[in-house]
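Everything on this sheet refers to the single structure shown next.
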Amino acid sequence: MIDAMNRVLYLCDGVLGMLDGATVEIVPGGGAKVKGVLAFSLNDRIDPENPFISFEVCVVRKRQIAVFGVSESQLTLLTEIALPETPLEIVYSEPFVCFASSSEYQVINVKETSHEIHHLFPYPDLPVIASLTDSNEHEFLLSGPGGLGMFVSAQTLVAPRPPINWAELRVIRMHYSAPYILVFSREDIWVFSSINQQPKQSLQLLGCRSVCGALFEAGAHATPLMAADSKVWALENVPWQEQVDGLLEEKRVNEALQIARSYSDEDTLPHFRGILQRAALVQLHRQELRPAKELLLESECSPSFVLAFCPDLLPSADILTTSPFFIPIFNPHDPAAMNERNAFLIAYLEEYRRSSTDFTEEMNWILLKLFSLSEQNEGSILPFIKSFRNILPYEETVHLLSERRYLVALAFFQVRMGHLEKALTLMKDLVDNPPADLPAREVGVVTVSTIVDVLKSVEQEKLLLQTLPWLLKKDQSAGLQVLKHMSSNGNSSDVRTLLEGFPNVHRQYLEFLIFDKEIQKEQLYQELAVSYLTNLSELPSCRPDAIFNAFEMRTNLQTVLRSPLCTFGADIEASIEQLQLHEEKVILLAKRGEHLAALDLLASRLKDRAGAVQYCVQYGKRDKLLKRQLFEHLLAIYFNPREQNEESVRAALELLNDEEADFDPAKVLSMLPANWPLSCLEGFLSHTLRRSLHSQRTGAVERGLAKCLHFSAQLSTVGRLKDKILLTEERRCIFCKKPFLDCTFKRLTDGRLVHLHCHSSNQ
């Protein structure tokens with residue numbers, strides 16, 4: 001019977017044909033019949049739920065077998081294979097055909113082009129073959145010699161399971177009804193299990209001539225039907241739930257599970273999960289922990305079901321329900337058994353946690369306790385604590401970690417829970433005085449950098465100020481990191497007081513506020529300038545690193561002094577004078593407007609000719625008169641008889657020929673020493689003449705353009721004055737929308753008219 005197509009295959013007088021399953025009439029057409037057939041076997045691996053399945057039937061002809069595709073209206077030949085002799089018995093399990101020749105069993109793959117025949121073993125007086133339809137290895141059960149039922153895999157040609165010993169039973173037929181094998185003799189039927197190959201039941205039945213499976217309900221398992229000369233019997237299974245219950249009571253877990261998996265469906269899913277749990281309990285009692293874990297995960301039961309058997313793991317409060325099957329499983333007095341139990345529970349709880357969303361904080365706590373009891377899993381405690389996914393009860397966790405001396409994990413747990421003061425106190429103690437009984441995996445985990453990371457997450461300035469003195473004594477650079485991370489803008493007097501004993505940190509903190517955060521506060525600039533001057537006075541002058549530090553600090557000091565926010569007090573000026581910081585003094589003089597004194601210092605003391613020229617350009621760019629005055633004063637310094645030498649003469653000539661310099665030529669000529677020849681001034685005079693001519697010509701062009709613009713404006717005005725304006729009652733003021741009562745009005749550039757008073761009020 002092919003239910004999907006509603007067709008029935010029949011064999012009569014060597015003709016294989018098809019009947020309509022609804023009318024039991026022969027399907028018309030020559031293509032629906034095959035002649036010369038001695039026996040046939042329908043492919044036993046058909047999935048009725050698959051709409052794309054192809055149905056095939058293997059038929060036996062004289063010295064050959066053939067495979068036909070089955071459709072609703074015809075049988076189509078797919079392949080033919082010639083054989084040395086005609087098979088006596090045949091079973092088709094696509095793509096393998098197992099058949100019996102005149103003396104032995106053989107297997108052939110009909111889908112291969114080679115069609116190689118594999119010889120198995122001889123059979124007794126009558127060959128009998130059955131196919132295990134639910135096997136992944138295409139298993140056949142064959143009636144073998146010595147009263148044995150031999151299992152053979154068509155893929156590997158070996159026995160995948162032990163044989164069935166049916167002793168002196170003369171087997172004439174076999175039928176597979178998962179997970180049982182029905183073995184027929186002439187007087188009775190024996191039921192064997194395919195799991196453990198043991199007999200389960202025997203029934204008396206005389207004269208059975210054929211057996212097959214029939215589906216009476218959609219989705220149900222096939223019911224074995226047996227036909228005698230005048231009767232048909234059906235074998236009805238005992239309800240599978242009763243079979244499973246009985247097998248579990250006898251602790252036959254594998255058989256119970258196979259039956260349950262074969263018969264359970266969505267409607268019986270809760271009952272099936274209960275079976276899995278009971279089977280897991282049986283395996284736990286046998287200490288078969290790994291398969292028990294797989295069953296527990298498959299059943300999706302709550303971990304409380306298993307944890308109820310472990311009272312030593314439960315918190316003091318009764319937070320888990322007690323299992324209804326409570327029987328002592330794990331021996332608390334056997335350390336080896338307890339270690340195995342802990343490893344099993346860790347693996348089970350971790351897998352359950354990954355696939356479930358109902359993992360409670362109490363179960364997390366139990367998993368944490370299991371980690372603490374297992375030396376192999378001590379390394380998992382800290383990552384487990386740090387993970388924000390793992391919610392834990394506060395009091396119980398603190399007690400557990402304190403009792404087991406996992407102080408590092410406790411510190412990080414306090415951080416997670418927001419108790420930062422407790423966490424920092426604990427971490428400081430671990431750094432200063434690490435306990436001798438600290439677990440090996442936690443030694444050296446908490447360092448100063450760890451505390452810095454915690455402090456960076458602290459928003460309470462009071463707590464930071466409490467911890468900073470300890471941190472600065474341990475590592476000043478670490479303390480500076482925390483200060484930079486604070487949200488303070490430099491107003492906190494507590495921070496400045498705290499840093500009084502750490503001048504280097506104080507200076508670097510001020511640099512961070514001014515240069516990085518760009519906080520514009522006069523007090524910060526003053527403090528940083530004083531800090532630079534203090535550090536410069538304390539640096540030794542002989543060490544190379546001190547020279548480099550002094551150069552860097554002086555560069556920053558000059559930047560600070562140039563800022564308009566930095567005002568000079570008497571202490572700053574006195575320090576600059578005392579340290580003879582001439583560049584810094586130039587900045588002071590420039591900010592006070594004493595430009596001539598600053599130039600004297602640059603040109604006479606520092607001999608910085610380029611700096612002096614740049615000074616004149618910088619401070620004279622907005623005032624041409626001041627610029628000329630500065631350059632002339634600089635030239636006078638070079639012409640000073642007391643300063644005159646070859647270098648000053650060269651500097652004077654370079655200044656006179658400088659493109660950016662600005663002089664009064666007459667005044668320069670009056671300043672020249674009497675012994676200077678005019679040839680030295682050739683470049684200066686030619687440059688001055690060109691500049692003068694350029695200024696005159698530029699002025700003439702500008703005056704000419706101004707006149708043209710003036711004449712153009714006058715011409716436009718005259719043209720507008722000649723235009724006539726028609727004033728009627730319809731023309732109104734664009735502002736007040738009222739008519740004009742007289743000829744007094746104002747005309748805009750776009751031609752619109754307004755009252756005089758409206759125009760003045762809307763300016």
Side-chain angles (χ1 to χ4, degrees), residues 134 151 160-162 164-165 178-180 192-201 238 240-264 268-314 320-353 355-356 363 366-367 369-371 373-377:
D134 59 352
F151 294 92
R161 61 186 88 197
I164 298 176
N165 184 4
Y180 299 112
F192 290 87
S193 170
S194 64
I195 302 172
N196 59 8
Q197 297 78 49
Q198 298 298 315
K200 302 297 178 185
Q201 187 179 1
V238 174
W240 66 271
Q241 294 91 339
E242 295 181 16
Q243 296 184 50
V244 170
D245 290 341
L247 291 171
L248 287 178
E249 288 179 4
E250 298 176 8
K251 303 191 182 322
R252 292 154 64 179
V253 174
N254 293 335
E255 295 179 65
L257 290 177
Q258 184 164 355
I259 294 174
R261 294 185 198 280
S262 299
Y263 289 93
S264 62
T268 59
L269 186 59
H271 184 72
F272 176 65
R273 288 176 176 169
I275 291 171
L276 293 177
Q277 294 176 28
R278 293 173 60 192
L281 281 181
V282 173
Q283 291 180 322
L284 286 175
H285 279 286
R286 294 175 177 172
Q287 300 300 306
E288 298 173 358
L289 302 182
R290 179 170 295 185
K293 180 193 74 173
E294 301 301 329
L295 291 177
L296 289 170
L297 292 172
E298 185 181 356
S299 69
E300 299 180 7
C301 73
S302 172
S304 59
F305 176 81
V306 180
L307 294 173
F309 297 97
C310 312
D312 59 307
L313 296 177
L314 303 181
L320 298 173
T321 58
T322 302
S323 169
F325 304 101
F326 182 80
I327 305 172
I329 294 179
F330 305 106
N331 183 6
H333 304 293
D334 185 353
M338 296 302 287
N339 290 336
E340 290 182 6
R341 178 206 71 172
N342 294 342
F344 154 72
L345 289 176
I346 289 173
Y348 165 60
L349 291 176
E350 284 190 320
E351 288 195 35
Y352 183 88
R353 188 165 60 105
S355 60
S356 175
M363 294 176 187
I366 291 176
L367 185 55
K369 185 171 184 179
L370 287 167
F371 286 149
L373 293 173
S374 173
E375 294 183 2
Q376 292 81 5
N377 291 278

Might you point out which heavy atoms bring [X] and [Y] nearest each other, and give the distance in Å?
X: I346; Y: L367; answer: CA-CD1, 4.1 Å
X: E350; Y: F371; answer: OE2-CZ, 3.3 Å
X: R252; Y: R286; answer: N-NH2, 4.3 Å

Any chance you could measure [X], atom [atom1], to [Y], atom [atom2], to the nearest 0.5 Å?
X: L269; Y: L276; atom1: CG; atom2: CG; value: 9.0 Å
X: L281; Y: K251; atom1: CG; atom2: NZ; value: 9.5 Å
X: L247; Y: I195; atom1: CG; atom2: CD1; value: 8.0 Å
X: Q277; Y: S302; atom1: CD; atom2: OG; value: 9.5 Å
X: Y352; Y: L345; atom1: OH; atom2: CG; value: 14.0 Å
X: I366; Y: L307; atom1: CD1; atom2: CG; value: 4.5 Å

Looking at side-chain heavy atoms only, is the closest gap between [X] and [Y] below 4.5 Å?
X: K293; Y: L289; result: no
X: S355; Y: E300; result: no
X: F344; Y: L296; result: yes
X: S193; Y: Q258; result: no
X: E288; Y: V253; result: no
X: L370; Y: N377; result: no
X: P303; Y: R353; result: no
X: F272; Y: R261; result: yes

Any donor and acceptor pair, going by atom type alone, linking the side chain of E351 with main-chain N or O of Y348 inside 3.5 Å?
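The answer is no, because no donor-acceptor pair under 3.5 Å joins these two groups.
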Would you give me the side-chain donor-acceptor pairs under 3.5 Å for residues 336-343, sequence neighbours excluded?
unit_1	atom_1	unit_2	atom_2	d
N339	ND2	P335	O	3.4
R341	NH1	D312	OD1	2.9
R341	NH1	D312	OD2	3.3
R341	NH2	D312	OD2	3.0
N342	ND2	M338	O	3.3

